[in-house]
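Encoded as structure tokens, the structure appears first; notes follow it.
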Amino acid sequence: MSKPPSSPPAPAANFIRNIIEADLASGAYAGRRWSGRPGPAAQQQAGAPDPAKIRTRFPPEPNGYLHYGHAKSICLNFGLARDFGGVCHMRFDDTNPTREEQEYVDGILEAVQWLGFGWDAFGASHQYFASDYFPWLYAFAEKLIEHGDAYVDSQSAEEMRARRGTLTQVGEDSPFRGRSVAENLDLFRRMKAGEFADGAHVLRLKIDMQSANINLRDPVAYRIRHAHHHRTGDAWCIYPMYDYTHGVSDALENVTHSICTLEFEDHRPLYDWLNEKLAALGLLNTPLPRQYEFSRLNLSYVVLSKRKLIQLVEEGHVAGWDDPRLPTLVGARRRGFTAEGFRLFAERIGVSKSDSWIDMSVLEDCMREHLNESAERRVAVLDPLRLVITNFPEGALETCHAPNHPLHPELGKREMPFTRELWIEREDFQEVPEKGFHRLYPGNTVRLRYGFVVTCTGCEKDAAGNVTAVHAEYFADSKSGTPGADNYKTKGNLHWVSVAHAYQATVRLYDRLFAHPNPGGRREGDAPDLERDFLDDINPDSLRVITAQLEPSLRDAAPEQRFQFERHGYFVADRHDSKPGAPVFNRAVTLKDGWAQRA
Ligand code: ATP
Ligand code: MG
């Protein structure tokens, strides 16, 4: 049986919470020391007891803008730190010199803060860059060489690949695996000094070419790259690989719970091997961080692959990284989605290890839920048709009042001028009404919401037979909120805007960018060799730009102010294109899901 609707849904399961609770109960990290900044064992052990109960980290590579999937990881890592008296480090995993830019660093910081999280805690900022650890990473590599745990390999990339083996076949030792410590140290130092071309040598960890786990078959720790780095400039021409950098960075930062997506599960033995080696050499503080994997967010109707997002932007299928249709967080913000909605979404979908798809409507419902609560109501006529109140005096004006929020009377009311000529929605009039139509048609009586009751008397048409205006007569004693107004019983309740006072504005009706739940994915009945292109699933109606007639108070909307346009959905004043006194509006989401029946 389902619960009564009044009880809020329980937060979804999050197995990492249980792990942290158990670790805190057993005091797993209780005795750790922290020097106040990242560093190796000796530095940390000279510090005070770590004031943070746990340390997590959010470690993006600054090579693109964050997307909805990252929001899940951000809410998880920062949320756990907040809930358990810890801190989440904002760490840039910037060890790949050629793809990273300051623009992306700035965009990522802004997005995390927009989601409502920060990295200041215990009197310090915890914003870090893996590139700041290059000197330690290098020194540790020399130590590993000295202890016979790393060697310089001079095979070509093809030779290395050929000896690596497969999932079913073990690998084969490199002919350079037996090099002496002295030769390895010499070559590695010369790699650092810039004596060799890209690809001439790599440094590999000496683990086990016969391992069933490919990640343990002597993974590459360093490669030569004569490339400029966005932070270290030309100081380095060798760069550490992700697997070599990541766990060490976690340990240097005293991270306790290193949470990542499932594809790193097979990397965990390497993560542990390396950190345990370095801890045994007295280089890393203990107890060491532990890695936990959860399933990444897969969301229907969007693509979350950076490669595909870049393609959409570069080929001009959207207007830029912050196009409201893109599943980026800058796009979401511009669209009028809210940080509260994302946090609610993260709470609701939970954290598990099973791969699953979440329907886009779950995210949209979270946005609706928060916007319904927080957005003031306004009136907008999106497809305007003129209504003439023939018995209302020309030039006269009645001031009507509409509540700003039905759930929050304390937010007060605003004035809506009622005049002889009003804009109504074209679809609210039918000359010959279809069955069940209760809005305007000749002879029918409706209420103009917050205004007066009117009876339709006819319409005007142009030569082609298109309706150009509707006529009606009003009842002067029917004004909403006045004594006796309730005596009028009507079925229709229409919204309207005074023609003389309306704010004529550009409104962009955004819809889902893809018309198929799995863009580019296979469909039932597809031939086995059919390759689909995700671009073919682009929804041709994902954006419609219209000129709408809005109630006058909307002229004063501030950029990023969000509203419910009654009967239409939630809208936001665009943060970039709005001018003072002339906002442009974007539709965030409709009032109800129109996609369920289409799919
Ligand atoms: P790339 O394809 O460049 O590796 P990425 O999506 O993994 O891209 P990162 O910048 O490495 O991007 O991601 C930062 C963090 O966000 C990582 O910890 C990663 O696990 C997490 N993350 C990325 N995509 C998702 C997703 N779809 N769901 C949940 N977490 C995600
Ligand atoms: Mg990644």
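As the structure lists them, so they are numbered: ligands from 1, and atoms in each ligand from 1. Note that the structure is a prediction, hence the values are computed from the model and not measured.
- Those atoms of ligand 1 that come under 4.0 Å of a heavy atom in N63, given as number and element, are 3 (O).
- Residue E61 has at least one N or O atom closer than 3.5 Å to an N or O atom of ligand 1.
- Considering G69, P60, P62, P327 only, the shortest heavy-atom separation from atom 26 (C) of ligand 1 involves G69.
- Taking 4.0 Å as the cut-off, F58 counts as a neighbour of ligand 1 on heavy-atom distance.
- With rounding to the nearest 0.5 Å, the separation of SG in C260 from CD in Q291 is 3.5 Å.
- Atoms of ligand 1 found under 4.0 Å from any heavy atom of S73, numbered from 1 in the order shown, are 16 (O), 21 (C), 30 (N).
- Between F84 and I54, the shortest heavy-atom contact is CB-CD1, 4.0 Å.
- Between D218 and K206 there is no salt bridge, since none of the side-chain N atoms of the basic residue sits less than 4.0 Å from a carboxylate O of the acidic one.
- Here N298 has no heavy atoms under 4.0 Å from ligand 1, in either its backbone or its side chain.
- Both the sub-6.0 Å distance and the 45° axial angle are satisfied by R512 relative to the ring of Y301.
- Contact annotation: for R296 versus ligand 1, heavy atoms closer than 4.0 Å belong to both the backbone and the side chain.
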Task: Stepwise side-chain contact (heavy atoms from CB on, under 4.5 Å) test for R55 and D250 - done: CA-CA 9 Å; R55 288 181 188 267; D250 286 344; over 6 Å; no
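- Taking only non-hydrogen atoms, the option from A346, S295, S305, P59 nearest to atom 18 (O) of ligand 1 is P59.
- Ion pairing of D574 with R334 is present here, as a side-chain N (NZ or NE/NH1/NH2) and a carboxylate O approach within less than 4.0 Å.
- Within the listing of ligand 1, atoms 20 (O), 29 (C), 30 (N), 31 (C) sit less than 4.0 angstrom from a heavy atom of T261.
- Judged by the shortest distance from any of its heavy atoms, R307 lies outside the 4.0 Å radius around the atoms of ligand 1.
- In this pair, H229 and Y239 present their aromatic rings parallel. The plane angle is below 30°, not in the 30 to 60° band.
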